[in-house]
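So the structure is just underneath, and the comments pick up after that.
For reference, positions follow the sequence shown, starting with 1. Computed from a predicted structure; not experimentally measured.
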Amino acid sequence: QCSISLIDETQELFFQLDTRAKAQTQTILPMIEQGLQQTGLDVAGLDAIAFSRGPGSFSGVRINAAVAQALAWSQDLPVVPVSTLQALAQAAYRLEGLEQVTAVLDARMNEVYIASFVLDERGIMQCI
């Protein structure tokens with residue numbers, strides 16, 4: 001899967017998800033371009049670029065990091081690596097109000113990635 005999102009301080013401005021297997025290398029840059037066009041933004045107008053640092057597929061994480069670093073470097077923007085498991089926990093809080101979450105992802109080969117999180121005083125899920 002591949003997704004991109006543009007957000008401001010209060011809301012999601014654009015979101016697109018491509019669920020096709022192994023399509024990330026062909027879709028990530030056009031998806032970013034479409035998001036910027038639809039929101040009227042450009043890379044220079046961004047405050048930072050966040051990316052999923054994993055856990056996840058080795059190739060997917062490498063593509064995420066490379067694209068984020070290239071875009072950020074081109075405009076001297078900060079790069080924010082985000083844990084996939086922490087993002088799942090944060091979504092559980094945002095969507096369901098859960099303040100304590102154990103996030104689990106299929107790691108394939110009969111293994112899982114797992115971490116437990118608790119909401120801090122700033123509303124951010126922290127690994128425990």
Side-chain angles (χ1 to χ4, degrees):
Q1 294 185 1
C2 178
S3 66
I4 70 124
S5 182
L6 293 166
I7 61 169
D8 66 13
E9 295 84 10
T10 62
Q11 65 184 334
E12 181 180 280
L13 305 173
F14 178 86
F15 176 79
Q16 187 172 0
L17 171 67
D18 186 339
T19 59
R20 293 176 297 152
K22 301 185 181 193
Q24 184 175 10
T25 56
Q26 292 124 9
T27 61
I28 191 166
L29 292 175
M31 288 168 61
I32 292 169
E33 185 176 342
Q34 182 182 5
L36 292 170
Q37 287 177 349
Q38 285 190 13
T39 58
L41 298 171
D42 61 14
V43 176
L46 301 177
D47 294 324
I49 297 178
F51 73 99
S52 174
R53 66 162 175 83
S57 79
F58 180 72
S59 296
V61 171
R62 286 180 32 196
I63 292 165
N64 293 342
V67 170
Q69 288 176 336
L71 289 173
W73 183 81
S74 74
Q75 300 298 321
D76 196 27
L77 296 171
V79 174
V80 181
V82 177
S83 160
T84 308
L85 294 171
Q86 186 179 21
L88 284 172
Q90 194 69 40
Y93 168 65
R94 185 172 51 87
L95 298 173
E96 303 295 332
L98 300 176
E99 296 184 6
Q100 201 164 11
V101 174
T102 297
V104 181
L105 281 175
D106 183 0
R108 312 248 166 98
M109 299 182 289
N110 295 318
E111 295 182 351
V112 296
Y113 301 113
I114 185 169
S116 293
F117 297 86
V118 65
L119 193 69
D120 72 10
E121 64 281 348
R122 297 174 300 142
I124 306 295
M125 285 291 191
Q126 299 296 331
C127 191
I128 53 173

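- Under a 3.5 Å cut-off, the side chain of Gln86 and the backbone N or O of Cys127 do not form any donor-acceptor pair.
- By the 4.5 Å heavy-atom criterion applied to side chains, Leu71 and Leu46 are not counted as neighbours.
- Contact of the Phe51 side chain with the Val67 side chain is not registered, since no non-hydrogen atoms from C-beta on lie closer than 4.5 Å.
- The CD atom of Gln126 lies 8.5 Å from the CD atom of Glu121; values are rounded to the nearest 0.5 Å.
- Among all heavy-atom pairs drawn from Cys2 and Ile28, the shortest one is SG-CB, 3.8 Å.
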Under 3.5 Å, side-chain donor or acceptor atoms of residues 95-118 against the rest of the protein: list the pairs with distances, not counting sequence neighbours.
| residue | atom | partner | partner atom | Å |
| --- | --- | --- | --- | --- |
| Thr102 | OG1 | Ser116 | OG | 2.8 |
| Asp106 | OD1 | Arg108 | N | 2.7 |

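- There is a path of hydrophobic side-chain contacts, each under 4.5 Å, that joins Leu119 to Leu85.
- For the residue pair Gln24 and Gly60, the shortest heavy atom distance occurs at OE1-CA, 3.4 Å.
- Using a 4.5 Å cut-off on side-chain heavy atoms (C-beta onward), Gln16 and Asp18 make no contact.
- Side-chain atoms of Ile124 and Gln90, non-hydrogen and from C-beta on, do get closer than 4.5 Å to each other.
- Thr25 OG1 to Arg62 CZ: the interatomic distance, rounded to the nearest 0.5 Å, is 11.5 Å.
- Between Gln38 and Leu6, every side-chain heavy-atom pair lies at or beyond the 4.5 Å cut-off.
- Counted within 6.0 Å of CG on Asp42, heavy atoms from surrounding residues, nucleotides or ligands total more than 12; the atom is thus considered enclosed.
- Atoms CD and OG1, from Glu12 and Thr39 in turn, are 11.5 Å apart once rounded to the nearest 0.5 Å.
- Side chain of Gln75 to main chain of Ala48: no donor-acceptor pair is present (N/O by atom type, distance under 3.5 Å, no hydrogens or angles).
- Atom-to-atom distance recorded for Ser5:OG and Ile32:CD1 is 11.5 Å, nearest 0.5 angstrom.
- Interatomic distance, Leu29 CG to Ile4 CD1, rounded to the nearest 0.5 Å: 10.0 Å.
- Pairing each heavy atom of Ala72 with each of Ile49, the nearest pair is N-CD1, 3.5 Å.
- Minimum interatomic distance between Ala68 and Val79 (heavy atoms only, all atoms of both residues): O-CG2, 4.1 Å.
- Here the closest heavy-atom approach between residue Leu13 and residue Leu41 is recorded as CD1-CD1, 4.2 Å.
- The minimum heavy-atom distance linking Met31 with Ser3 is given by the pair CE-CA, 3.8 Å.
- Counting heavy atoms from C-beta outward, Phe14 and Leu36 have side chains that stay 4.5 Å or more apart.
- Residues Val43 and Phe15 do not share a hydrophobic cluster, clusters being chains of Ile/Leu/Val/Met/Phe/Trp/Tyr side chains in contact below 4.5 Å.
- Not one N or O on the side chain of Thr84 forms a donor-acceptor pair closer than 3.5 Å with the backbone of Ser52.
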